[in-house]
Each structure stands twice: as C-alpha cells, then as structure tokens.
J.: 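Attaching a single structure in structure tokens format; questions to follow.
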Amino acid sequence: QIDYTGTEPSSPCNKCLNVSWDSTPPCTCTINFTLEHSFESNVFMYYGLSNFYQNHRRYVKSRDDSQLNGDNGSLLNPSKECEPYRTNEDKPIAPCGAIANSMFNDTLELYRIDNDTRTPITLIKKGIAWWTDKNVKFRNPTGDGNNLTALFQGTTKPVNWPKPVYMLDSEPDNNGFINEDFIVWMRTAALPTFRKLYRLIERKNNLQPTLQAGRYSLDIAYNYPVHSFDGRKRMILSTISWMGGKNPFLGIAYITVGSICFFLGVVLLIIHHKYGNRNTSADIPN
Amino acid sequence: RSMNVFLIVYLCILISKALINTVLKYVWQSEPFRDEPWYNQKTEPERKRNLFLQAFTDFLAFMVLFNYIIPVSMYVTVEMQKFLGSYFLTWDEEMFDEDTGEGPLVNTSDLNEELGQIEYVFTDKTGTLTENNMEFVECCIEGHVYVPHVICNGQILHNCTGIDMIDSSPGGSGKEREELFFRALCLCHTVQVKDDDSVDGLKKNQLSRRSCIYISSSPDEVALVEGIQRLGYTYLRLKDNFMEILNRENNLEKFELLEVLSFDSVRRRMSVIVKSSTGDIFLFCKGADSSIFPRVKEGKIDQIRSRVERNAVEGLRTLCVAYKKLTAEEYSNAQKLLQNAKLALQDREKKLAEVYEKIERDFILLGATAVEDRLQEKAADTIEALQKAGIKVWVLTGDKMETAAATCYACKLFRRNTQILELTTKKIEEQSLHDVLFDLSKTVLRHNGSLTRDTFSGLSTDMQDYGLIIDGAALSLIMKPRQDGSSANYRELFLEICRNCSAVLCCRMAPLQKAQIVKLIKLSKEHPITLAIGDGANDVSMILEAHVGIGIIGKEGRQAARNSDYAIPKFKHLKKMLLVHGHFYYVRISELVQYFFYKNVCFIFPQFLYQFFCGFSQQTLYDTAYLTLYNISFTSLPILLYGLMEQHVSADTLKREPSLYRDVAKNALLRWRAFIYWTFLGVFDAVVFFFGAYFLFENTIVTSNGQVFGNWTFGTLVFTVLVFTVTLKLALDTHYWTWINHFMIWGSLAFYIIFSLLWGGIIWPFLNYQRMYYVFMQMLSSGPAWLGIILLITVSLLPDVLKKVLCRQLWPTATERIQNASRHCREHISEFTPLACLKSPRYRSSDCSNSPARRSNSHSKKMMFTHWRGVDYSVLPSVFGYSNKHCRSSAGYRYSGSGLETSV
C-alpha cells in the first residue's frame with residue numbers, strides 16, 4: 001500500500017500536488033518501494049481514494065443508465081439527473097453526469113528493479129469489472145458500422161476528460177462505454193474511503209512467484225487532483241483468496257462472538273444447574 | 001392507547017434526527033471543498049437558492065428519508081389483526097351454546113385487546129348470573145303459605161308451616177282473600193297467550209291444560225301465571241278486552257280489562273283495573289315489596305313481610321300482591337286522570353308517573369309470591385376464576401339486598417370467610433353517612449397493607465377479604481353533590497373502600513345508577529378498564545358506559561346484546577372470553593405493536609448512521625424497491641400471522657390457571673420499560689448491522705476475483721441482515737408453531753431472496769436507473785459477505801436471547817413457569833415434543849461431525865439455529881455454546897489467516 005498523494009514535501013510526487021486536470025504533458029513522478037515478501041498467486045492492483053464522497057446523493061444519481069446501456073435517444077438527450085454535467089456548449093455530454101466527469105485518470109505503471117534495470121510488469125486491464133456490467137449493463141450505442149467515433153457523433157466529451165469516450169482505449173472491446181476502467185469507476189463506492197480495482201497481475205508460470213520480493217518502482221502520471229478536498233491517493237497490491245482480501249474484522253469478530261458464546265454457555269450452565277431444580281419442580285401457582 | 005404515546009415519542013425522534021442531520025450537514029459543509037468539491041458541483045439554480053430555504057428543504061428531505069420510523073403500516077396491520085382476530089372469537093366452538101343454537105357475536109373488533117386488561121367486571125344478576133328461568137315456588141296469602149307441587153297439576157300440597165288446605169281455609173274473609181289473590185295473580189300481568197301451533201284438536205285434548213304457551217316480556221310473570229295454573233286457576237286468554245279465567249271449578253270467569261298501569265323499573269310495580277262480571281271494579285297491583293308496603297292500608301303486613309324476607313334470604317324473588325276495590329266514581333276519576341296524562345303532549349312520562357302515584361295507594365295487602373331463579377351453570381366457577389385472575393367482580397342488581405346476597409353466596413362471589421361490610425339505608429339511618437363511611441374505611445384500611453401488597457398472592461385463603469354491600473339509596477346519598485363540596489370526599493372514601501374489597505354487591509339499583517357506578521370506577525384515578533355484562537334492557541346504560549360491554553343473548557330480549565360490544569350466550573362463556581381470548585388478544589397486540597416499532601427502528605437507524613458517511617446528503621442506504629417493500633411484503637405477513645395465531649401458553653392452561661391473567665394486567669406488556677427495551681434492542685441491532693457492514697467493507701476487498709462492490713451492495717447487505725434478523729426475532733418469540741407460521745416466516749424470507757434475485761436479474765425497461773443490476777447475486781457470490789451476514793444476525797439476536805434466558809431462569813414469571821412446566825409434561829408424555837427438543841440431538845451430532853471440515857455456509861446457519869433454540873429453551877446450553885465456540889474460533893483463525901495482504 002503506497003500513498004502517493006504527495007502532501008509531504010519529501011515525497012517525489014509533491015511537485016504534482018497542485019496539478020490541474022488537463023496539464024499536458026502530465027506531471028509524472030516515480031516512487032520506489034520494496035516488497036518484503038513475494039506474492040505467490042495472482043496480484044490485484046488497486047487505487048484507493050479517501051475523503052472522496054462517491055456516495056453523496058447528488059453524485060450518486062448524476063448518471064444516465066440508459067445512455068450507458070447504449071440507448072441512442074438518451075445518448076443525444078441525457079437525463080436531467082446529469083445536471084450540471086449534462087451538456088457542454090449545447091452538445092450533450094457522453095457519458096454525462098458527475099460520476100463520469102470525475103473519472104480517475106492517473107496512470108500507474110509498475111517496474112521491477114533488478115540490478116538497476118527496470119523491467120516493466122505486465123498489467124492486465126481486462127477482467128476488472130463485473131462481467132454483467134461489462135456485457136449487459138454497459139453497452140456502446142448501436143448503429144451501422146463499428147466505428148465508435150461515428151456512433152458518438154453529435155456528443156461531446158465530459159468537461160474534465162482530456163479525450164472523448166471513444167478514445168479511452170485502443171482495443172475496440174474495451175472502448176467507449178464498455179471500457180472497464182470506466183465501468184469500475186461508475187460503480188459508486190459505499191464509503192468515502194474506498195479502493196477500486198485498477199489492474200491485474202497474472203502469475204505466468206508455476207515456478208516463479210507473481211511478484212518476487214525485491215525492489216520495485218511505481219511510475220505515476222499524476223493527473224487526478226485530490227488535494228483540494230483533503231483527499232489521499234494510494235496504490236495497493238493485494239492477493240486474494242476465496243475469502244477475498246485480508247480482512248481482520250471477520251476473524252476478530254468471529255473469535256469474539258465465539259468466546260462470548262462460550263462464556264455465556266458456561267454461565268448459563270451454572271445458572272441452569274443452580275436454579276434448574278427450582279424450575280423443574282414446576283411450581284404451578286394455584 | 002399507549003400506542004399513540006409511543007408514536008409521539010417516535011415522531012420526536014424522527015424530528016430530532018432530521019434536525020441533527022440538517023445542522024450537522026451545514027456544519028460539515030461550512031468548508032467549501034466539502035460542500036462543492038470539483039468532482040461534484042451543484043447546478044446553477046441550486047447554488048442561487050436561499051440558504052434558509054435550502055436548509056428547510058434539507059430538513060424536509062431528511063424527514064422523508066426517516067419517515068419509515070413512524071410505522072404507518074402498523075395501523076393497517078393492527079386493524080387487520082383486530083378484524084380477523086375477532087373471527088376467532090366467533091368461531092370458538094366452546095362458546096357455542098347448544099340450547100339456543102347461538103354462538104358469540106362480535107359487534108366491534110376494536111376492543112379485543114381490552115378483554116385482556118379487564119380489572120372490574122360489573123354484572124347484572126338476573127339473567128346473567130342466573131338463568132332467568134323462573135319457577136314458581138310458593139305463595140303466601142295472609143300469612144298462610146301455599147306450595148304448588150310441580151308434578152301434581154292443580155293439586156295443592158300445603159307447606160308444613162301453613163295449617164290449612166285450601167278447602168279448609170278458615171273463615172269467609174280468608175277464603176275470599178285467597179280467591180282474590182289467585183284472581184289477582186291471574187289478572188295482573190301482561191302475559192299473552194299463544195295457542196299451540198299445531199292446532200289439531202287431538203293434541204290439544206291430550207295436553208289439556210298445557211295447550212297454550214304464555215309469552216311475556218318478563219319471565220316472572222310467566223312463572224307466576226304458570227304457577228297459578230297449577231293452583232287451579234288458568235288464565236285462558238284476552239278476548240275483546242275480557243280476560244277469561246278458568247277457575248278451580250272449571251267455571252269460566254270473565255273480567256273486563258279496563259286499564260293497565262304498566263310496569264316500569266322506577267315504580268317497580270304494575271297494576272290492572274278490571275271489572276268483574278258482577279260489576280265490581282278492582283285494582284290489582286303487583287310489585288316489589290318495597291314499593292307495595294308503603295302503600296298498603298290494611299292487611300297482615302307483618303306476617304307477610306317476615307315471610308317475604310325469609311324468602312329473600314333464600315334467594316327467591318318475591319313479589320307482593322295487593323288490591324283495592326274501586327267505586328264507580330273513583331274509577332271514572334282515575335280514568336280521567338289517566339286519559340289526560342296519556343294525551344299530554346309534553347312530559348307524558350312524568351305526568352303518567354304522577355297519575356300512577358295517585359291511583360296506586362291505599363291498598364289492601366293480599367299476599368306475596370316467591371319465584372326461584374336458578375343460577376346459571378358454572379356461574380360460580382366463572383366468578384371464582386375471575387377473582388383468581390385478579391378481576392374485581394361487582395354485582396349490580398335491582399333486587400332486594402337479601403335475595404342478591406344469597407345469590408352472591410351461591411355463586412361464590414362472597415365466600416364463607418368474607419367479611420361483609422354493609423352500607424345500606426338502614427345503617428345510614430342509624431348513624432350518619434359520614435360515620436359509616438369512616439368506620440368502614442377504617443376496617444378496610446387496617447388490613448390495607450397486607451391487602452394491596454398481597455394482591456399477587458391473593459389466592460391464599462387465610463387472607464381476610466371483604467365484601468361490600470351497598471344499596472341504591474345509600475349510593476345516591478354518596479353520589480349526591482353536597483353544597484359544602486364534601487361529596488368529593490365521600491366519593492373518594494367510597495372508592496377507597498371499594499378498591500379494597502374483593503367483591504361488591506350493589507342492590508336496589510336503578511338502571512341509571514348502574515351506569516353511574518361504572519362511570520365512577522371508570523373515572524377513578526387509576527383508570528381501570530371496566531367490563532359490564534348484562535342481559536336486559538335495564539343493563540344497557542351500564543353496558544354502554546363501560547369500556548367493554550357484553551350482552552347475554554338471553555330471555556329479556558336482545559337490547560343488551562344489540563347494544564353491547566360482544567354478545568355471548570351464557571355467563572360461563574365470559575371466563576373463556578376474558579381469560580383465554582382476552583389474554584391472547586392482549587399478548588398478540590402488544591407484541592405486534594412493539595415489534596412494529598422495533599423493526600422500523602432497525603430499518604431506519606442504519607440510514608441515519610449512513611448519513612454520517614455520505615456527507616449528510618440524504619443518500620438512501622437501500623434501494624427504493626427495498627424501502628417500499630420492507631413494510632409491505634418482506635416483514636408484514638409473519639407478524640400479522642403472529643398477531644392472529646400466537647398462543648404463548650395453551651388455551652387449556654390459561655383456562656385452568658386464571659392467575660396467569662395477572663401477568664398481563666395493567667398493560668404490563670406495553671409499559672415504558674418494555675417499550676424502551678424494544679427500542680434499544682432495535683437501535684443495538686441497527687448499530688450492529690451498520691457497523692458490521694462498515695467494517696466488512698471498509699478498505700478491503702470482499703470478493704474472490706478482486707472486483708469491488710459499490711454502495712448498493714453495501715445497502716443490500718445491511719438490508720439482508722435486517723430482514724433476516726427481524727424475521728428470526730419473530731421466530732424466536734413465537735411459541736405456537738403451526739404450519740402456517742412456518743410457511744409465513746420461511747416463506748417471507750424466501751420471498752425476499754427470490755425478489756432480490758429477480759429485481760437484480762433483469763434490466764428493468766421501465767426504470768431509468770439500473771443500480772440494483774446483479775448486485776444481490778454478486779453479493780451472494782462473495783464468501784465474506786455470507787460469513788458477515790451470519791455473524792451479524794447472530795450478534796444482533798444474541799442480546800435478546802440472552803435477556804430471555806436470564807429472565808426466564810432467574811426471575812421467571814408465572815406464565816413462563818407454566819410454559820416450562822407444560823414443556824416438561826410434554827417431554828414426559830413424549831408427544832408433541834417442541835421443535836427444539838425434537839431436533840436438537842440430531843443437530844448437535846451433525847454440528848460436531850461437521851465442524852472440523854466445515855466449508856459450506858448452510859451448515860453454520862443450521863448450527864446457529866440450534867444455538868438459539870438451545871439457549872432459548874435452556875436445554876443443555878453449555879453443550880451448544882461449547883461446540884459453537886469451537887467451530888467459530890477455528891473458523892475465525894482460518895479466516896484471519898486466509899488472506900494475505902502486504903503493506904509497504
């Protein structure tokens with residue numbers, strides 16, 4: 001878990017602290033870190049934001065699900081809920097709304113440092129969104145041809161985005177509304193401190209661990225401003241079992257409740273033995 | 001009634017919640033980057049809005065968000081429960097009377113639960129305690145007693161105290177009086193004769209005398225006429241204003257009926273004026289001794305009075321008969337007066353009464369009759385049970401004191417050791433009212449301490465209980481407002497005395513006085529719930545006055561039954577009605593009300609907590625469909641069914657143990673303590689739900705493929721835990737399981753799951769948002785969510801289970817002791833073993849074998865079941881606790897070790 005907000009002056013990302021959305025070229029910074037243990041199985045790379053109220057009511061409802069579902073009518077005439085991110089210069093915004101507008105746009109790259117040589121680690125960007133979201137809930141608008149540029153004709157990009165939605169990715173099945181980064185962002189988080197899946201790192205073969213212990217560096221294209229609302233940004237690397245990620249809460253809670261139950265069992269046994277006779281005699285008052 | 005107070009409390013909570021949130025919102029928003037961060041800007045009109053207007057809108061929005069805490073659906077459910085519940089009363093076969101072929105009638109369904117709260121029962125005597133089935137027992141003419149024998153028709157057997165047979169009756173005047181007496185009885189009534197329907201002559205001949213049926217509004221009259229028939233005088237019919245009598249020599253005598261001065265309960269007498277065939281005009285009068293004796297001019301008053309009093313002590317109803325001979329001009333005078341009064345346009349009643357007063361005087365006393373009125377079956381049993389149940393029984397009657405007292409002894413209202421306090425006119429004549437009252441209160445209050453303290457153990461016979469007898473005149477003295485304002489004092493004193501008497505008998509009461517007494521008690525400072533039961537028209541005022549009015553479908557017409565809230569065929573049914581049905585209704589409704597508040601607190605409080613984490617933005621935690629359907633379909637049916645079916649103790653036990661009624665007396669289950677307990681339980685559960693889910697979701701990943709959950713999953717998780725907890729809580733409280741209960745409880749849980757799957761399974765074309773799409777399924781696919789749900793349900797149910805077990809073990813109420821006892825009994829008989837006992841051994845073994853290799857979640861669910869049941873029924877609690885702990889902690893270790901996560 002690496003915090004790269006850069007509020008501390010010593011942080012390499014401090015210089016990028018006050019960047020704006022559309023600074024070109026993006027402010028980049030690099031953070032080096034060391035993994036103490038190697039990661040054996042698949043590794044999941046998350047970005048985490050805190051103090052970011054994705055669950056604010058105004059924010060949550062500021063989207064148009066039918067537009068995202070590929071409805072051509074809604075594409076050109078987005079829902080009123082999207083205000084004030086509905087139209088820009090008299091052109092409808094696709095995708096409209098505050099959620100889409102504020103999509104996370106830092107780029108994170110991971111390198112392994114081996115004797116001063118930086119080997120990039122392959123980050124897989126597919127499979128990070130719910131399957132149902134990607135295949136059913138989110139769809140590109142339909143029309144003749146597969147040219148997304150043509151399909152999104154007549155719309156404009158969200159205000160804060162550097163590129164329109166049909167240029168999010170080069171691959172056609174990960175572009176437009178079905179871009180997985182976009183879908184992940186559109187699932188609003190429950191709490192103001194949250195994390196979202198960014199990339200997957202797959203294990204290549206059975207001989208080597210996915211990520212060996214050692215030194216790594218994280219290259220960040222720092223675009224996303226969080227300083228203005230006291231937010232923090234983090235990058236998290238995690239493995240996951242069938243139980244999900246590391247979650248001390250469940251374990252502790254189960255142990256606690258288990259011991260309480262045990263304690264109560266003992267207490268009740270004592271009570272039962274002590275007072276049980278009185279009860280079994282069943283003094284029915286007459 | 002307490003429901004409304006609770007509602008106000010909840011309204012206050014609602015408003016304060018909304019206020020708190022609004023204030024906090026503006027405090028929180030005071031920093032601009034929070035109010036309007038760059039990623040989430042307001043629209044132009046929003047920005048321009050007036051601050052106060054905006055704050056007010058926010059306040060309203062919070063109100064809307066939290067309004068579910070006011071359980072609107074409760075009213076619907078309560079009404080439905082009452083309405084449907086009242087059918088259970090009608091359907092009760094035990095309350096069906098075969099003689100009349102009638103079951104109980106329910107005229108209102110609003111008062112079901114009040115039946116479980118009765119503290120005072122006011123009962124009429126005639127027709128209610130007694131059968132109102134009159135039997136002519138004897139008559140006394142001039143001090144000689146005649147007893148008709150039931151079997152030998154027309155033959156007269158003389159009482160041993162009497163010296164004479166009719167034939168050898170002494171003297172001409174005596175004979176004449178005797179004849180007159182019988183004629184008087186034959187004539188002075190309003191009985192109508194109805195010929196037998198089957199008018200074939202053969203049958204008529206066979207039955208000879210019994211060929212016709214007498215019908216009258218008053219059973220006394222029928223009894224008298226029938227009795228006289230047995231003494232040889234048969235009233236045949238009223239034909240063209242001539243009353244025909246068949247006398248002992250089988251001669252037909254005709255009397256012309258000139259006037260009927262009809263009976264009313266104020267005068268307590270009736271008269272007829274007849275003209276005999278010889279042309280003499282007679283006025284025959286029949287009425288209560290108290291109203292006749294003052295008007296008698298001559299006759300053997302003392303002898304007859306002593307006889308009347310003796311009969312009264314034996315519990316017989318007595319009537320006196322008198323006559324006077326009218327001359328022609330006297331009659332024409334009277335007739336004129338009557339005519340005037342009858343034609344009067346104004347105050348006719350009053351004028352008639354005055355005229356009657358004038359005419360009915362200077363009688364010659366003939367004799368008295370005695371009619372027996374048998375007690376209704378099981379009246380004594382019922383009264384005893386009611387007294388054991390802590391209900392005070394008052395008998396209000398119009399009869400003489402002695403008669404009424406005898407009846408009270410017969411029906412065990414007064415027992416042999418009851419000390420009788422008398423507050424009657426006679427006593428008041430001796431002393432002043434003031435002294436009498438103070439004397440009485442002193443006697444009563446001397447034992448006051450032991451009396452009131454021991455009401456719980458009031459069954460013990462060694463305790464001195466008091467019975468108070470008061471008559472109408474004394475009562476009116478007490479009630480009469482004084483000029484010096486001391487009447488209030490008397491009233492208080494009287495109430496104080498009454499409250500400390502286990503039984504009160506009020507005799508010589510006018511109908512309005514009955515109502516007055518009921519009102520007096522009703523408005524006394526404890527505001528007890530009163531019940532009045534009666535059968536006749538004279539009880540209607542009292543039935544209307546009391547909280548619950550019960551009419552007996554009896555002989556004196558149906559006025560009472562029609563004016564009452566409930567009508568039952570017999571007095572004995574009152575026992576079942578109060579002790580069983582009333583108790584059930586009360587337990588059901590109180591649980592229903594409390595549960596409704598509880599489940600809505602559970603429902604809304606997480607919303608409230610969520611506001612602290614979403615910037616006080618009125619974001620709902622649950623999806624709209626869940627918000628709407630929670631009260632309508634997910635949780636409503638089980639509680640409604642509970643409200644209809646619950647029998648925490650079997651009906652037989654309740655009937656056998658009247659003292660259980662004390663457990664629910666004085667609104668015991670809806671007091672503030674219970675209410676606060678339920679509310680706190682609700683808040684606790686809500687906190688558990690919310691923070692459980694919060695810690696589960698906070699900064700971690702709960703899926704096995706690394707994908708993330710959003711706010712709707714969070715809400716759905718909380719909602720799932722909520723629905724399960726709330727439903728299982730009800731399952732814990734249910735003592736009486738029928739297949740319908742099982743169906744409803746598990747059915748509504750299943751419905752919730754199916755609905756959620758369906759709701760999330762399809763892109764609904766009519767919705768403009770698809771936020772629930774696959775949320776529920778995704779949640780179910782995650783292991784920690786399952787574990788979390790199970791854990792949270794357990795934790796939230798734990799305190800309630802704990803409280804139940806501890807209270808049951810350490811401070812069991814009578815009800816619970818009975819429950820335990822009946823369970824033990826059933827175990828011995830080994831039939832109908834309760835669920836837990838049946839299942840626990842099987843479950844226990846399965847737990848232990850499964851616990852080491854437990855993977856599937858369904859096992860843990862089952863295990864928790866046993867855990868609850870085990871603790872709840874306190875069957876070997878430690879075994880379960882232990883096995884549970886074992887499984888849990890080992891599982892816990894596994895979980896904590898399962899995830900590997902690194903931090904740099």
Side-chain angles (χ1 to χ4, degrees), chain A residues 1-2 33 37 44 53 55-60 65-66 79 83-84 98 102 130 132 137 187-193 196-197 228-229 237-251 253-255 257-259 261-262 264-266 268-269 271-272 275 279-280 282 284-286, chain B residues 33 37-41 43 613-615 617-619 659 695-704 706-708 710-711 714 768-770 773-774 778 782-784 787-788 791 794-795 805 809 814 820-821 824 874 877-878 881-882 884-885 888-889 891-892 895-896 898-904:
Chain A
Q1 178 163 344
I2 300 149
F33 62 95
H37 308 281
F44 297 80
Y53 283 84
N55 56 8
H56 196 278
R57 189 169 70 109
R58 207 176 332 124
Y59 188 82
V60 168
D65 275 332
S66 48
S79 153
E83 288 289 357
S102 58
W130 294 13
T132 49
K137 193 172 162 184
R187 183 155 292 280
T188 48
L191 299 167
T193 299
K196 286 189 184 291
L197 189 54
S228 63
F229 55 87
L237 289 173
S238 165
T239 58
I240 275 173
S241 71
W242 67 273
M243 283 294 307
K246 183 177 165 186
N247 193 349
F249 167 70
L250 267 183
Y254 264 87
I255 291 171
V257 174
S259 9
C261 283
F262 175 69
L264 287 180
V266 171
L268 290 182
L269 184 73
I271 291 174
H272 186 71
Y275 297 91
N279 273 358
T280 44
I284 304 164
N286 273 316
Chain B
F33 69 82
W38 60 263
Y39 56 85
N40 185 14
Q41 280 169 350
T43 53
F613 296 93
C614 71
S617 60
Q618 300 115 31
Q619 172 63 31
S659 54
F695 286 119
L696 195 67
F697 271 67
E698 193 206 25
N699 210 12
T700 185
I701 297 304
V702 292
T703 49
S704 52
Q707 292 166 355
V708 288
N711 61 330
F714 182 78
N768 57 1
Y769 55 85
Q770 305 296 342
Y773 187 63
Y774 256 72
Q778 285 282 345
S782 124
L787 291 172
L791 175 82
T794 323
V795 171
V805 176
Q809 286 282 340
N820 279 344
H824 279 288
S874 67
S878 76
Y882 187 71
N884 249 339
K885 186 255 174 180
R888 284 258 177 67
S889 48
Y895 305 147
S896 55
S898 61
L900 177 65
E901 195 158 305
T902 195
S903 47
V904 179

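Residue numbers begin at 1 in each chain, while the letters A, B, ... track the order of the sequences.
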J.: Over all heavy atoms of both residues, which pair between B:Cys614 and A:His56 is shortest? Give the atoms and the distance, please.
T.: O-CD2, 3.8 Å
J.: Closest heavy-atom contact between B:Tyr774 and A:Trp130?
T.: O-CZ3, 3.6 Å
J.: Drop me the distance from B:Thr794's OG1 to A:Tyr254's OH, to the nearest 0.5 angstrom.
T.: 6.5 Å
J.: Please identify, among A:Arg187, A:Lys137, A:Lys196, the residue contributing the most non-hydrogen atom pairs under 4.5 Å to chain B.
T.: A:Lys137
J.: Using a cut-off of under 4.5 Å for heavy-atom pairs, which of B:Gly788, B:Pro784, B:Gly615 has the most such pairs with chain A?
T.: B:Pro784
J.: So for A:Ser79, is it side chain, backbone, both, or neither that comes closer than 4.5 Å to the heavy atoms of chain B?
T.: neither
J.: Could you grab the distance from atom CZ of B:Phe714 to atom OG1 of A:Thr188, nearest 0.5 Å is fine?
T.: 12.5 Å
J.: For the OH atom of B:Tyr773 and the CG atom of A:Asp65, what is their distance to the nearest 0.5 Å?
T.: 12.0 Å
J.: Could you look at A:Ala189 and say if it's the side chain, the backbone, both or neither that has a heavy atom under 4.5 Å from chain B?
T.: backbone
J.: Looking at B:Gln619, is its backbone amide N or carbonyl O close enough to the side chain of A:Asn55 to form a donor-acceptor pair, meaning the two atoms are under 3.5 Å apart?
T.: no
J.: Please give me the minimum heavy-atom distance between A:Leu197 and B:Val708, naming the atom from each residue.
T.: N-CG1, 3.8 Å
J.: Is A:Tyr59 in contact with chain B via its backbone, its side chain, both, or neither, using a 4.5 Å heavy-atom distance?
T.: both
